[in-house]
**Student:** 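The structure follows.
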Amino acid sequence: MNYIQSYILEHKNRFINELIELLKIPSISADSAYKNDVLKTADAIKISLENAGCDTVEICKTDGYPVVYGEKIIDKNLPTILVYGHYDVQPPDPINLWNSPPFEPVIKKTEKHPEGAIFARGACDDKGQMYMHVKAMEFMTSTNQLPCNVKFMIEGEEEVGSSNLATFVKNNQEKLKNDVILISDTGMIANDVPSITTGLRGLSYVEVEVTGPNRDLHSGLYGGAVANPINILTKMIASLHDENNHITIPGFYDNVEELSKEERAEMAKAPFSLESYKKALDIDSVYGETGYTTNERNSIRPTLDVNGIWGGYTGEGAKTVIASKAYAKISMRLVPNQDWENITKLFKNHFENIAPKGVKVKVTPHHGGQGYVTPIDSIGFKAASKAYQDTFGKTPIPQRSGGSIPIVALFEQELKSKTILMGFGLDSDAIHSPNEHFGVWNYLKGIETIPLFYKYFTELS
Ligand code: BES
Ligand code: MN
Ligand code: MN
């Protein structure tokens, strides 16, 4: 057993208990009723960074929730790693589908996590993964093994689009200056198949509103004679995909980069079982764009999905009504080179154009961000790969993810540095879903791997 492993073994229970305390605070950024809890979480992060050995830690105000910033600069001539994470979490709804309350963490064994997993909202996304960095820092400072400078930037608005972080980054270029950005807010293939995320999709999120008559109408007296906004909205949405599941918005694919045969062949080498994929989701078939595999569909191809749709009567029993309005929330996942603001415009124009006479359509953009791909020949990637090699005993597979962390592209634009995405979650950890969890093994493996990244990054720099 090496030095890191014995330190982790000795402090394992405390590491777990500290994370559990953090998970008890419901830092739901989307719901203003939890404002005090979100702020309380920022305070808790500040204290934990101080305890981990940062020299200065500040709670930086923004127009929204604060950014917790901490640093330890040991030598200006050594490289600087900027760690990014988020302390806010998704709303836990639907609450009744949780097997234990979302903010009362419990440890239970699962098929994928025979050593136990911590069940709580934010366990994996991102409190658990962010806190691995705090504990790795504690290990390095308390054993005098911090090989380089480190800066932490932990934000509280990632789950609602990081809209104030962009300004914070633009206004603090000097403070945030770094040689590489390190983030654990993604996943890996399996505990025995380590992988490093090399790409994230961009995002354009919009809300649409279709208005028909000026009031709700009796569906017998008026039905058939006026446009029903819900009928129209569903028809419009259905027309956004053709029979091959291509998106029909003119210009949507204009900047989409087609991967070469070789790149696709390389991707196809990653271990993947369609049978287990279907089984885990209880579906008899996958569904998607013709001509692409499941792994391609959910990473290198753009998508359009309805995230929510409502209108009319949804209460108990039946009410005969033609609603005045119908609504939907729609997300488009984008690939690098697609500009999210341009895609939002294309969507808006197209959606307004296809509206039939008899309804009015309003499209409201929410938020968005660009996609990201990181090179695999950088010092950062090599250092990460060596670190995984040591702790997993296997070379990690580079893999593009379908999820989005929109701020990553902005980091590159403003701070001119590459991001390394060392995620330790599994797809089955149910992030954003009921019963989110994070494997204890994964948590500790992360704490073990991170200091090695620091070591190799400094050596290779
Ligand atoms: N950590 C996730 C993103 C993620 C998860 C990327 C797993 C890759 C693998 C992040 O917190 C998230 O949920 N992002 C949102 C976008 C945001 C603008 C709300 C997403 O991807 O839906
Ligand atoms: Mn996250
Ligand atoms: Mn998330």
Side-chain angles (χ1 to χ4, degrees), residues 23 27-31 41 64-65 83-93 102 120-133 153-166 181-190 195-207 295 298-300 302-308 329-336 340-341 343-344 365-374 398-411 419-434 436-438 442 446:
L23 290 169
S27 50
I28 308 166
S29 50
D31 186 344
T41 310
Y65 287 120
V83 175
Y84 163 85
H86 62 95
Y87 63 83
D88 64 321
V89 301
Q90 283 278 327
D93 312 69
R121 171 57 86 230
C124 179
D125 182 15
D126 177 43
K127 282 175 176 164
Q129 297 216 68
M130 176 267 295
Y131 208 66
M132 299 181 311
H133 288 269
M153 171 172 54
I154 313 296
E155 72 149 319
E157 296 186 311
E158 198 277 341
E159 298 293 9
V160 287
S162 304
S163 40
N164 295 296
L165 189 65
I181 298 169
L182 183 60
I183 303 180
S184 296
D185 193 21
T186 54
M188 58 179 192
I189 297 175
S195 60
I196 298 176
T197 304
T198 51
L200 295 164
R201 284 196 285 196
L203 182 70
S204 163
Y205 201 107
V206 298
E207 185 165 327
N295 274 337
N298 67 23
S299 66
I300 60 161
T303 62
L304 183 152
D305 277 294
V306 178
N307 293 246
K329 289 183 193 279
I330 296 175
S331 69
M332 286 160 280
R333 296 282 168 171
L334 310 175
V335 295
W340 76 272
E341 280 172 319
I343 292 290
T344 306
H366 259 279
H367 56 78
Q370 315 293 53
Y372 182 72
V373 199
T374 198
Q399 202 187 39
R400 276 168 68 169
S401 169
S404 309
I405 310 176
I407 204 70
V408 171
L410 189 112
F411 288 158
T419 292
I420 301 299
L421 298 156
M422 291 183 25
F424 295 89
L426 300 182
D427 281 354
S428 53
D429 287 348
I431 63 171
H432 294 208
S433 305
E436 174 178 354
H437 54 279
F438 189 35
N442 301 64

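Heads up: numbering here begins at 1 and tracks the sequence. For ligands, and for the atoms within them, numbers begin at 1 and follow the listed sequence.
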**Student:** Tell me whether D185 has at least one N, O or S atom under 2.8 Å from the Mn ion (ligand 2).
**Tutor:** yes
**Student:** With distance as the sole criterion, is a donor-acceptor pair present between the side chains of D305 and S331 under 3.5 Å?
**Tutor:** no
**Student:** Test side-chain hydrogen bond (donor to acceptor under 3.5 Å, both in side chains) on S401 and T186; report intermediate values, then the result.
**Tutor:** CA-CA 8 Å; S401 169; T186 54; over 6 Å; no
**Student:** Could you tell me the residue and atom name of the protein heavy atom closest to atom 15 (C) of ligand 1, and the distance to it rounded to 0.1 Å?
**Tutor:** S404 O, 3.6 Å
**Student:** Over 60° means perpendicular and under 30° means parallel, so classify the ring planes of Y205 and H367, tilted if in between.
**Tutor:** parallel
**Student:** With a 4.0 Å heavy-atom cut-off (strictly under), which part of S331 contacts ligand 1: side chain, backbone, both or neither?
**Tutor:** neither
**Student:** N/O/S atom of D125 under 2.8 Å from the Mn ion (ligand 3), yes or no?
**Tutor:** yes
**Student:** Considering only non-hydrogen protein atoms, determine which one is nearest to atom 19 (C) of ligand 1 and report residue, atom name and distance to 0.1 Å.
**Tutor:** E159 O, 3.6 Å
**Student:** Short list, please: which atoms of ligand 1 are under 4.0 Å from a heavy atom of H86?
**Tutor:** 11 (O)
**Student:** Heavy-atom contacts with P406 under 4.0 Å: which atoms of ligand 1 show up? List them by number with element.
**Tutor:** 18 (C)
**Student:** In Å and rounded to the nearest 0.5 Å, what is the CZ to CD1 distance from R400 to I196?
**Tutor:** 16.0 Å
**Student:** If you measure from each non-hydrogen atom of S401 to ligand 1, which part falls under 4.0 Å: side chain, backbone, both or neither?
**Tutor:** side chain
**Student:** Looking only at protein heavy atoms, identify the closest one to atom 6 (C) of ligand 1 and say how far it is in Å.
**Tutor:** G403 CA, 3.7 Å
**Student:** Can you give me the closest heavy-atom contact between S162 and Y84, atom names plus distance?
**Tutor:** OG-OH, 4.2 Å
**Student:** Hey, mind stepping through T419 and L421 against side-chain contact (heavy atoms from CB on, under 4.5 Å) and telling me if it holds?
**Tutor:** CA-CA 6 Å; T419 292; L421 298 156; 3.9 Å; yes
**Student:** What I want to check is whether the side chains of K127 and T41 have a donor and an acceptor closer together than 3.5 Å.
**Tutor:** no
**Student:** Where on D125 is there a heavy atom closer than 4.0 Å to ligand 1, on the side chain, on the backbone, on both, or on neither?
**Tutor:** side chain
**Student:** Should T197 be listed as contacting ligand 1, given a heavy-atom distance under 4.0 Å as the test?
**Tutor:** no
**Student:** Does ligand 1 have an atom under 4.0 Å from some heavy atom of H367?
**Tutor:** yes
**Student:** For the residue pair A30 and P91, what are the closest heavy atoms and their distance?
**Tutor:** CB-CG, 4.0 Å
**Student:** Show the nearest heavy-atom pair for residues T303 and R201, with the distance to one decimal.
**Tutor:** CG2-NH1, 3.5 Å
**Student:** Taking 4.0 angstrom as the limit and counting only heavy atoms of I431, give me the atoms of ligand 1 inside it, by number and element.
**Tutor:** 5 (C), 7 (C)
**Student:** Does Q90 come within less than 4.0 Å of ligand 1, judged by its heavy atoms?
**Tutor:** no
**Student:** Test of understanding: given a 4.0 Å heavy-atom threshold, classify the contact between L203 and ligand 1 as side chain, backbone, both, or neither.
**Tutor:** side chain
**Student:** Can you tell me if an N/O/S atom from H86 lies under 2.8 Å from the Mn ion (ligand 3)?
**Tutor:** no
**Student:** Does H432, backbone or side chain, put an N or O under 3.5 Å from an N or O of ligand 1?
**Tutor:** yes
**Student:** Any idea which N/O/S atom from E159 gets closest to the Mn ion (ligand 3)?
**Tutor:** OE2
**Student:** Let me see the working for D88 and E158 under side-chain contact (heavy atoms from CB on, under 4.5 Å), right down to the final yes or no.
**Tutor:** CA-CA 7 Å; D88 64 321; E158 198 277 341; 3.8 Å; yes
**Student:** For E436 versus G122, what's the shortest heavy-atom pair and its separation?
**Tutor:** OE1-N, 2.9 Å
**Student:** If you have a sec, work out which protein heavy atom is nearest atom 4 (C) of ligand 1 and how many Å separate them, to one decimal?
**Tutor:** D185 O, 3.5 Å
**Student:** Which option wins on minimum heavy-atom distance to atom 11 (O) of ligand 1: R333, E158, M188?
**Tutor:** E158
**Student:** Under a 3.5 Å threshold, yes or no: a donor from one side chain and an acceptor from the other, between N164 and E157?
**Tutor:** yes
